[in-house]
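One structure is given here, and the rest of the page talks about it.
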Amino acid sequence: MSRLARKATFAAADPAPIRWALSGLMALTGPADGPPRPLGFDLMAAVDTLIAEIETGAARLGRPMTVDPRLLTERAALTGLTRQGRTSCGGAARLVEARDGWLAVNLPRDSDRLSVPAWLGGGLDEDPWIAVARGARGRFLDDLVAEGRGLDLAVAAVGRGNRSREPVRLHRMAAGADRRRTSMAPLVIDLSALWAGPLCGQLLAAAGARVIKVESVSRPDPVRQAAPEFFDRLQAGKASVALDFRDPGDLVRLRAMLHRADVVITSARPRAFAQLGLEPEAIFAGNPGLVWVAITAQGWMGQAGNAVGFGDDVAAGAGLVAFDGAGRPLFAGDALADPLTGLAAAGGALRAMGQGGGFLVDASLGGAAGFAASFAATSDGLVFGGEDGWQVACDGRVAAVAEPRARPWRGAAAAFGADTAEVLERLR
Amino acid sequence: MQLTPGSRWKSAVCDTEAVVVRPPSSPVALECGGQPMVAIKDERPAGLALDPDFSAGSLLGKRYLDAETGLEALCSKGGAGTLAAAGRPLTIKEAKKLPSSD
């Protein structure tokens, strides 16, 4: 989409409720059998800010580009997800009432459902959501979150996350290096999976980087199988390398790639790298100009680095929820913290590269969602219409609630491991 | 030893702590470092030492399995001892699969 076309669609003069309606996110917010709901935040102003940092950073590196905000809704558009109220669009997360507020619970992995009896009691063969609803009702949010996180569950107290003034944090790890003399495209090693990290890598590819997606043969990125068209949007243009992280030889090869990279993108927790002997301290010692983009739920540093979180539960934790007529929360958008974090991470990576590297870009879902939640909206607008089409009116403007859309297809993702031999040959 | 889901245990001889995720199909003793584990709130018995045959260590965040009884425990604090059930060292479960859709 050209810059001009985007301005036509998202004229900055439009009030927040109109832009929310036009974004495609509002259609993903609200009960399945009722009207889409407003959001009490100027989310698209936050998105503008994140996109401006990417476009400025890319231009500063001599690689001007534009970012198409339809990326916010493309997973839903390409996989047919719709709004489901207090169940996330993807279906794995729910909002559950606790004694002193609301809890966001996400159980996307088989092992999560098995952990519910250890968290809240209940029979081993019982529907885990029945056990969660019953177990949460009489208990306090702080206890539910602490005990759930102790079992590696993705849980958050709705609206209790920190508002953040910065979408990402940059931690100085090494002196940096002057790379302005080289005209080569920056080399990005993308070790991340799912949505936020891969989106960051794809935005860096659009800014002219050479991006190599590296996957573990025992733990490949599941999106390739689960949502192929969405995977293409996030991966087209990246090379694909498959390594066996349990094999000492492949670990040596991975370490060699990290020592040569300008940027590495990760989405695992710190302890996963510690257990592989790939701590940032060691990698930066051998590559002082590196930019390490660390996607986490709640930040890389300290105890927070152990937390598990995904796009829906973290967004709700940060308060990015809508409300029904009774004041009960509803999920907003589809895994909203994921695309926000991908944008924030790419902007932070470009900024760190522009300063010569030597930084860990601490890009947490909680930080990006908390940043978006710092943009308050002054009005909700008025939602009217019916099943044949919903509209929003605000400050004399009227807009139809737009369906989720995807960015245009730009090619297929490389087949799993298609470039392994060639990339390893070049590294020798 | 009531190994109910959610029950928390600590090693008598090292730093290891564990949470039971799946109970055993028949009663069994959960051990670490060659000694029975103790409930998290209890005092450690005095005079016990780490058995060198059970000193391979436990790793924070890993899930440990006893194939014979189905007992599954999540290590909530790593230590020097090996987790075991009735003398059988527990095995590490494969890393949790990433969700195909969240």
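In what follows, chains are A, B, ... by sequence order, proteins preceding strands, each numbered from 1.
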- Indicate yes or no for a side-chain donor-acceptor contact from B:S11 to the backbone of B:V13 under 3.5 Å, with no hydrogens or angles considered. yes
- Closest-packed option against chain A by number of heavy-atom pairs under 4.5 Å, given B:L59, B:V20, B:V19, B:L60: B:L60
- Before giving the answer on salt bridge (charged side-chain N to carboxylate O under 4.0 Å, His left out), spell out for A:D334 and A:R75 the whole-Å C-alpha distance, their side-chain angles and the decisive distance to 0.1 Å. CA-CA 8 Å; A:D334 169 34; A:R75 185 174 82 160; 2.7 Å; yes
- Using a 4.5 Å cut-off on heavy atoms from C-beta on, say whether the side chain of A:E147 contacts that of A:R139. yes
- For A:L107, is it the side chain, the backbone, both, or neither that has a heavy atom closer than 4.5 Å to a heavy atom of chain B? neither
- Item | Most chain B-contacting option - heavy-atom pairs closer than 4.5 Å, from A:A193, A:C89, A:P117 | A:P117
- Top contributor to chain B interface from A:S111, A:A227, A:G121 [non-hydrogen pairs under 4.5 Å]: A:S111
- Message: Is A:D110 in contact with chain B via its backbone, its side chain, both, or neither, using a 4.5 Å heavy-atom distance?
- Response: neither
- Item | Flag, side chain of A:Q84 to backbone of A:S88, donor-acceptor distance under 3.5 Å | yes
- Aromatic centroids of A:W195 and A:F310 separated by under 6.0 Å: no
- Relative to chain B, which segment of A:R246 carries a heavy atom at a distance below 4.5 Å: side chain, backbone, both, or neither? side chain
- Which region of A:Q225, side chain (C-beta onward) or backbone (N, CA, C, O), has a non-hydrogen atom less than 4.5 Å from a non-hydrogen atom of chain B, or is it both or neither? neither
- Can you tell me which residue pairs pass the salt bridge (Lys or Arg N to Asp or Glu O under 4.0 Å) test with a partner in residues 44-72 of chain B, sequence neighbours excluded? B:R63-B:E72, B:D66-B:R88, B:E68-B:R88, B:E72-B:K93
